[in-house]
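Note sheet for the following structure.
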Amino acid sequence: MSSTPLFNTPAPPPPSINRTTLSCSSTTAATNFPLSPNKLAVLLDKSNTIRQLLQIHAALLRHGLHQHPILNFKLQRSYSSRGRLDYSVALFKRTLNPNIFLYTSIINAYALHGLSLEALFIYTRMLFEGVQPNEFTFSSILKSCSIEHGKMLHSQVIKLGFDSDLYVKTGLVDLYARGGDVGSAQLVFERMLEKSLVSLTAMLTCYAKHGELEEARVLFDEMVKKDVVCWNVMIDGYAQHGMPNEALVLFRRMLAAKARPNEITILAVLSACGQLGALESGRWLHSYIENNDIQVNVRVATALLDMYSKCGSLEDARLVFDRIPDKDVVAWNSMIIGYALHGFSRDALELFQEMCRIGLRSTDITFIGVLGACGHAGLVKEGWSFFNAMRDEYDIEPKIEHYGCMVNLLGRAGQLEEAYELVKNMKMEPDPVLWGALLGACRLHGNLDMGEKIAESLVGHNLANSGTCILLSNMYAAKGNWEGVARIRTLMKDSGVQKEPGCSSIEVNNRVHEFLAGDLKHPKSKEIYLMLEEMNGWLKAHGYIPQTDIVLHDIGDLQKEQSLEVHSEKLALAYGLISTQHGTPIKIVKNLRVCSDCHAATKLFSKITGRKIVMRDRNRFHHFANGSCSCGDYW
DNA sequence: TTAGGGTTAG
């Protein structure tokens, strides 16, 4: 923290004091001196710029009012609220015997800047000087401190009898919420006799932040008065915890309730649209922003471009990107990642070079995009060179995610030994996600030996997740080793590991429809299955052979075929075909990697129907057209 | 005569 020594008493007045700005009446500027303290107080409250504050500060010094408690307090508060914590601190340090107002104010200033230790330091100094804290002091200091310090403060709050104060209690709820101690937050909250909208929102935030969305929703529904903050907390809670559809539905309710969304709402809902791949809703939101005076600053614009890219419309993403006047590295990263996600690796790398050319500093996220781009195009040499440059040229230490990108890149290119070496020589402990990437590569190249070695070690270290088990099981199944498959299935059952169900979704008329394999829940199931039958007829007529070897279960070939026919991807596609106009593109989002049988079948469907089909899976986009896919069957 | 402080979303 910097503390600029500002005014050596008496401070020289700033270069030119414009007396009219200091005057209370524009006609008698010069004769108004000496200014009375209350006039100065009014001026201080009206001052908007640091320059004006400095002028008033100079006037205080000239008139011997620089120890005036109220004026000093107002000036100090104004400095820190205008972003000059340094001036604020300098003023505090030069004040003799600060009173409780000034102490609380400087504590508040430090807390607002996230400098919790400095705030605590002032607090202890205050106690040492014999100044008693009050409820205002506690509500200020609680907002930045750690849960450990907060617990000590909590006991002082009780000891000094401030625990019935609404603001202090709200601060305590927030303290425990920030520290992840939902139980304690709840305890404080439940013992509040009086609850304000803010304290209710603090508790709501606590639930929503920690993924307790059901509890949050109960509280939210009980709230009689709802402001934009609590709508935002609830919507963002859904968006951040894998429930983007709920976020979108709630946003519609918010509009119906005539609540006015702000930038925060927009950012959360755009994220939800991106997760869902809900392009229609995203577009609607874009026009809502434009028609409702919501400022398209760099944050909103980046969220928009990210939404477009995740919803499959890279053209729109690029349009938004090009219109951002003050692009920061986050905007560049989003665009680079967008290109990588769609398999436009060259564009991603060119954009990266351009970003370097204009002198913007890359971040670790930039390299996720860059290495991802190399991975999707199989650019092994380039990938290595970027990976090494991270540390050597950009001073960025590769994180486990970057190793993951490299393992993907090497693994898919068939360089399994190199990938394995890289993982073994890492300084950090590999996590199941990283092993999963390597296992995936083993499966892709049919290297059962390495796959087994990795999987067994994971199982041995209790690190096997459902993905690991499924991959290994897939490998066994592909080799017809049903005994191995059965062993894995038993292992999964015994350890309670559950397979994440594959789910595909498609947006039609602003609503997102989700399908699981073999799903019969959709109101139009009958039509969907009729369409599926027709689709199977097309496949057969084109001599398509189902990839029954990827079916996990030890069942007959016919049953295997049948299980492939009702994969979630195909159900979503069938619904898309019956519910959208002929010739329009179909966009599908899958939560896992697209299955290779569905991939092959979709290529054919794109040819037969003449439709463009865009499929986003967990890893990347596939653009199907005329019988081929943009990934070049390399994914 | 008067005058000043605190809590929730990102």
Side-chain angles (χ1 to χ4, degrees), chain A residues 36-45 65 68-78 80-81 88 92 95 98-112 119 123 126 131 133-145 150 153 157 162 165-178 185 188-189 192 194-209 216 219-220 223 225-240 247 250-251 254 259 261-271 297-300 302-303 330:
Chain A
S36 66
N38 67 340
K39 283 179 183 165
L40 280 165
V42 172
L43 273 179
L44 266 172
D45 287 339
L65 289 165
H68 190 288
I70 295 165
L71 295 175
N72 239 2
F73 159 77
K74 278 180 180 280
L75 184 58
Q76 187 229 28
R77 183 183 55 175
S78 298
S80 62
S81 71
S88 185
F92 174 78
T95 304
N99 64 11
I100 182 67
F101 285 89
L102 206 63
Y103 269 118
T104 299
S105 178
I106 197 72
I107 286 171
N108 193 38
Y110 274 131
L112 279 175
Y123 173 74
M126 182 181 121
V131 177
N134 59 22
E135 58 271 45
F136 293 88
T137 323
F138 283 112
S139 60
S140 289
I141 198 164
L142 280 172
K143 76 178 144 207
S144 77
C145 69
L153 290 166
V157 162
F162 297 124
D165 184 89
L166 177 63
Y167 286 80
V168 175
K169 284 217 146 187
T170 307
L172 286 168
V173 171
D174 176 57
L175 164 83
Y176 289 115
R178 272 187 291 113
V188 175
F189 178 73
M192 287 175 84
E194 179 197 5
K195 284 167 187 160
S196 64
L197 177 60
V198 176
S199 60
L200 283 159
T201 311
M203 193 63 228
L204 182 71
T205 309
C206 177
Y207 288 135
K209 263 228 175 81
L219 187 59
F220 178 80
M223 288 170 77
K225 190 170 176 282
K226 294 183 177 81
D227 66 355
V228 64
V229 179
C230 61
W231 282 102
N232 288 351
V233 171
M234 197 66 232
I235 292 173
D236 193 52
Y238 282 136
Q240 302 271 331
L250 192 61
F251 174 65
M254 177 182 182
N262 63 13
E263 183 190 324
I264 312 298
T265 331
I266 297 300
L267 293 176
V269 183
L270 282 173
S271 156
N297 57 30
V298 65
R299 277 188 306 273
V300 173
T302 304
V330 183

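Sequence lines set the chain letters: A, B, ... in the order given, protein chains first and strands last, and positions in each chain run from 1.
- A:L65 has its CG atom 13 Å from the C1' atom of B:dA3, to the nearest Å.
- The salt bridge (Lys or Arg N to Asp or Glu O under 4.0 Å) test applied to A:K74 returns A:D45, not counting sequence neighbours.
- Distances from the side chain of A:E135 to the nucleotides B:dG5, B:dT8, B:dG6 place B:dG6 closest.
- Atoms CG (A:L197) and P (B:dA9) sit 12 Å apart, rounded to a whole Å.
- In this structure, CG of A:L219 is placed 14 Å from C1' of B:dA9, rounded to the nearest angstrom.
- Judged by distance alone, with hydrogens and angles left aside, A:N134 brings no side-chain donor or acceptor close enough to the base of B:dG6 to form a pair under 3.5 Å.
- As rounded to whole Å, 9 Å separates atom P of B:dG6 from atom CG of A:L112.
- Put simply, the side chain of A:R299 never gets that close to the backbone of A:I264: no donor and acceptor are under 3.5 Å apart.
- Here the C1' atom of nucleotide B:dG5 and the CG atom of A:N99 are 10 Å apart, to the nearest Å.
- The listed nucleotides are B:dA3, B:dG5, B:dA9; the one nearest the side chain of A:P37 is B:dA3.
- Contacts of A:L267 with the nucleic acid, taken as non-hydrogen atoms under 4.0 Å apart, are absent.
- With ring centers used as reference points, A:F251 lies 6.0 Å or more from A:W231.
- Within 4.0 Å of A:V168, counting heavy atoms only, lies at least one base atom of the nucleic acid.
- Ranking B:dG6, B:dT8, B:dA9 by closeness to the A:A202 side chain, first place goes to B:dT8.
- Note on A:N38: a base of the nucleic acid sits closer than 4.0 angstrom, heavy atoms only.
- Using a 4.0 Å heavy-atom criterion, one finds that A:T205 contacts the sugar-phosphate atoms exclusively.
- One atom, CG of A:L142, and another, C1' of B:dT8, lie 14 Å apart when rounded to the nearest Å.
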Decide side chain to side chain donor-acceptor pair (under 3.5 Å) for A:S105 and A:N108; before the verdict, give the C-alpha distance in whole Å, the side-chain angles of both, and the deciding distance to 0.1 Å. CA-CA 5 Å; A:S105 178; A:N108 193 38; over 6 Å; no
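- For A:N232 against B:dG10, no side-chain N or O and base N or O form a donor-acceptor pair under 3.5 Å.
- A:F73 does not qualify as a stacking partner of the B:dG4 base, lacking a centre-to-centre distance under 5.5 Å together with planes within 30°.
- Comparing B:dG5, B:dG10, B:dT8 against the side chain of A:K209 picks out B:dG10 as the nearest.
- Residue A:L200 is out of contact with every strand shown, counting any heavy-atom pair closer than 4.0 Å.
- For A:S140 and B:dG6, a side-chain-to-base donor-acceptor distance below 3.5 Å is absent, hydrogens and geometry of angles not being considered.
- Candidate nucleotides B:dG4, B:dT8, B:dA9 were compared by shortest atom distance to the side chain of A:P69, and B:dG4 ranks first.
- In this structure, the side chain of A:N72 does not engage the main chain of A:L75 through any donor-acceptor pair within 3.5 Å.
- Less than 6.0 angstrom separates the ring centroid of A:F92 from the ring centroid of A:Y103.
- As rounded to whole Å, 13 Å separates atom P of B:dA9 from atom CG of A:N262.
- Listed nucleotides: B:dA3, B:dG5, B:dT8. Nearest to the side chain of A:R77: B:dG5.
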